Student: 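Quick one: this structure, given as structure tokens, is what I'll be asking you about.
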Amino acid sequence: MKTVGIFLVAVALIAGMIGCIPVQYNLTIDSTCGGVVTTPGEGTFTYFEGKVVRLVARPVVGYFFVKWTGDVATIKTVNCFLTTITMNGNQHITANFVGCG
């Protein structure tokens with residue numbers, strides 16, 4: 001009887017741990033001609049749900065940053081080259097640049 005009780009406790013603990021597996025989402029980042037995303041970089045990155053990710057976009061000479069586009073609902077400030085995004089699902093964003101002149 002004692003063995004059955006220990007077994008049931010172990011099963012309950014394992015079942016509880018399965019429900020606690022953190023959710024992860026992909027953040028895909030790219031940019032238009034005229035600049036790059038330096039933080040966290042360009043490509044696809046995986047983060048846990050709720051993670052606040054710092055975004056930094058840098059223009060090349062002759063261009064300036066305009067805004068972030070795509071899945072921007074959780075971007076703090078879409079018109080700022082330095083901002084954050086909160087991961088609440090898979091997201092794809094683009095840093096947009098335009099030439100000066």
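Only a predicted model underlies this, so the values are computations on that prediction, with no experimental measurement involved.
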Student: Taking the side chain as C-beta and beyond, is there a heavy-atom pair between Ile29 and Leu27 under 4.5 Å?
Tutor: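 Yes, at least one pair of side-chain atoms sits under 4.5 Å.
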
Student: Could you tell me which residues satisfy side-chain hydrogen bond (donor to acceptor under 3.5 Å, both in side chains) with Thr86, sequence neighbours excluded, listed by chain and number?
Tutor: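 Result, side-chain hydrogen bond (donor to acceptor under 3.5 Å, both in side chains) vs Thr86: none returned.
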
Student: Can you hop from Leu55 to Val36 via hydrophobic side chains spaced under 4.5 Å?
Tutor: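 No, no single cluster joins them.
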
Student: So, do Tyr47 and Gln24 sit near enough that their side-chain heavy atoms are less than 4.5 Å apart?
Tutor: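 SC-SC contact between Tyr47 and Gln24 ruled out.
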
Student: Determine whether Phe48 and Met87 satisfy the following criterion, side-chain contact (heavy atoms from CB on, under 4.5 Å), listing intermediate values before the conclusion.
Tutor: CA-CA 7 Å; Phe48 290 112; Met87 297 303 297; over 6 Å; no

Student: What do the steps show when you test Asn26 against Thr46 for side-chain hydrogen bond (donor to acceptor under 3.5 Å, both in side chains), and what is the final call?
Tutor: CA-CA 5 Å; Asn26 290 328; Thr46 303; 2.9 Å; yes

Student: Look only at the side chain of Asp71 and the backbone of His92, and say whether a donor-acceptor pair between them is shorter than 3.5 Å.
Tutor: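 Looks like yes, one N/O pair under 3.5 Å.
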
Student: Quick one: pull up OG1 in Thr84 and NZ in Lys51 and give me the separation to the nearest 0.5 Å.
Tutor: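 So the gap between those two atoms works out to 11.0 Å.
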
Student: If hydrophobic clusters are built from ILVMFWY residues whose side chains come within less than 4.5 Å, do Val53 and Phe65 share one?
Tutor: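 Yes.
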
Student: CG/Leu82 to CZ/Arg58 distance, rounded to the nearest 0.5 angstrom?
Tutor: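 Here the rounded value is 7.5 Å.
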
Student: Search all heavy atoms of Thr74 against all heavy atoms of Gln91 and return the closest pair with its distance.
Tutor: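 In terms of heavy atoms, the two residues are closest at OG1-OE1, 3.4 Å.
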
Student: Quick check: closest heavy atoms across Ser31 and Glu42, and the distance to 0.1 Å?
Tutor: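 In this case the closest contact between Ser31 and Glu42 is OG-OE2, 2.8 Å.
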
Student: Tell me the closest heavy-atom pair linking Cys33 and Phe97, and the distance in Å.
Tutor: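 Residues Cys33 and Phe97, closest heavy atoms: O-CB, 3.7 Å.
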
Student: Please check if any side-chain donor atom of Asn96 sits under 3.5 Å from a side-chain acceptor atom of Thr32, or the reverse.
Tutor: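 On atom types as modelled, these side chains do not qualify, holding no pair under 3.5 Å.
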
Student: Contact between Arg54 and Thr83 at the side-chain level, heavy atoms closer than 4.5 Å - yes or no?
Tutor: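 When only atoms from C-beta onward are counted, Thr83 and Arg54 do not touch, as no gap falls below 4.5 Å.
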
Student: Taking side chain to side chain contact (heavy atoms under 4.5 Å, CB included) as the definition, give me every residue that meets it alongside Phe64, ordered by chain and number, with sequence neighbours left out.
Tutor: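 For Phe64 the side chain to side chain contact (heavy atoms under 4.5 Å, CB included) partners, ignoring immediate neighbours, are Val66, Val98, Cys100.
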
Student: Between Asn90 (side chain) and Tyr25 (backbone), is there a donor-acceptor pair under 3.5 Å?
Tutor: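 Here the side-chain-to-backbone pair does not exist.
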
Student: For Thr77 versus Trp68, what's the shortest heavy-atom pair and its separation?
Tutor: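 Shortest heavy-atom contact: O-CD1, 4.0 Å.
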
Student: Find out whether Val52 and Ile85 are in side-chain contact, i.e. whether some heavy atom of one side chain is under 4.5 Å from a heavy atom of the other.
Tutor: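 They are not in side-chain contact.
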
Student: Can you give me the closest heavy-atom contact between Gly34 and Tyr63, atom names plus distance?
Tutor: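 Shortest heavy-atom contact: O-CB, 3.3 Å.
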
